[in-house]
Amino acid sequence: MNDQDRRSMPLFAIGIVKKLTELTARQIRYYEDHDLIQPERTTGNQRLFSFNDVDRLLEIKNYLDKGVNLAGVKLLLDPSMKKAEEAEEKATEITERELRHMLKHELYEAGRFGKSSLRQGELSRFFH
DNA sequence: ATTCTTACA
DNA sequence: TGTAAGTA
């Protein structure tokens, strides 16, 4: 078994994830409803989160703290966002005034790092 | 004891 | 988002 398999392995119940991310169960479930994460389910319908899910939630939390709304976070975490211009259009179209001003410039620079660099540390430094 | 869904403040 | 209710 390789690292990727390990990172995507369904291991933690929501109670663990709450402690790890300091998010409420309400928020975690809400983000799932909005397709920002897709945790596995046990036979009893209980959510099981992987390391990737936890990292993802941490990133979501960071963006949210920076003032980006769900629509914006969704775009930032979307693998299809390879070009800043593309994301910029969608962002301004969906979240209008919220992201338009702030995200315009920052997404442009962030986009220059490409998909693989759209991770926690690297991109977050653009959001001040 | 925990988590889940639904629904209302 | 928080929280209450009724379950699984």
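Sequence lines set the chain letters: A, B, ... in the order given, protein chains first and strands last, and positions in each chain run from 1.
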Review point. Looking at A/M1 and A/M9, what are the two nearest heavy atoms and their distance?
Key: CE-CE, 3.2 Å
**Study point:** Residue met sooner reading DNA chain C from 5', once A/Y31 and A/G44 are mapped to nucleotides
**Key:** A/Y31
Review point. Separation of A/L48 atom CG from B/dT3 atom P, in whole Å?
Key: 11 Å
Review point. Does A/Q27 have a side-chain nitrogen or oxygen under 4.0 Å from the phosphate oxygens OP1 or OP2 of C/dT1?
Key: yes
Exercise for review: Please determine if a side-chain N or O atom of A/T24 lies less than 4.0 Å away from the OP1 or OP2 oxygen of C/dG2.
Suggested key: yes
Review point. Rounded to the nearest Å, what distance is computed from the CZ atom of residue A/F49 to the C1' atom of nucleotide B/dT3?
Key: 10 Å
Practice item. In whole angstrom, give the distance that lies between atom CG of A/L23 and atom P of C/dT1. Key: 8 Å
Check your understanding: Just one of A/I37, A/T21, A/I16 clears the side chain to side chain contact (heavy atoms under 4.5 Å, CB included) bar with A/F49, so which one?
Key -> A/I37
**Study point:** Identified stems (criterion: three or more consecutive Watson-Crick or G-U pairs, under 3.5 Å), DNA chain C
**Key:** B:4-9 with C:1-6
**Study point:** Side-chain N or O of A/R47 closer than 4.0 Å to phosphate OP1/OP2 of B/dC4
**Key:** yes
Check your understanding: Please give, in whole Å, the distance from B/dA1 C1' to A/I16 CD1?
Key -> 13 Å
Review point. Want to settle it: does A/R26 or A/R29 sit nearer the 5' end of DNA chain B, counting the closest nucleotide to each?
Key: A/R29
Exercise for review: Answer with yes or no whether the side chains of A/N2 and A/D5 bring together a donor and an acceptor at under 3.5 Å.
Suggested key: yes
Check your understanding: Do the charged groups of A/R56 and A/D53 touch, with an N to O distance under 4.0 Å?
Key -> no
Exercise for review: Would you indicate what A/A13 reaches in the nucleic acid, counting non-hydrogen atoms under 4.0 angstrom: base, sugar-phosphate, or nothing?
Suggested key: sugar-phosphate
Check your understanding: Separation of A/K18 atom NZ from C/dG2 atom P, in whole Å?
Key -> 10 Å
**Study point:** Between P of B/dT5 and CD of A/E32, the distance in whole Å
**Key:** 7 Å
Review point. Could you state the CG-P distance from A/D33 to B/dC4, rounded to the nearest angstrom?
Key: 11 Å
Check your understanding: Minimum heavy-atom separation for A/L48 to A/L11, with atom names?
Key -> CD2-O, 4.1 Å
Check your understanding: Who are the side chain to side chain donor-acceptor pair (under 3.5 Å) partners of A/R29, not counting sequence neighbours?
Key -> none
Point to revise | Spatial distance of atom CD1 (A/I60) from atom CG (A/D65) [nearest 0.5 Å] | key: 12.0 Å
Point to revise | Along DNA chain C (nearest heavy atom to each residue), the more 5'-positioned of A/L64 and A/Q46 | key: A/L64
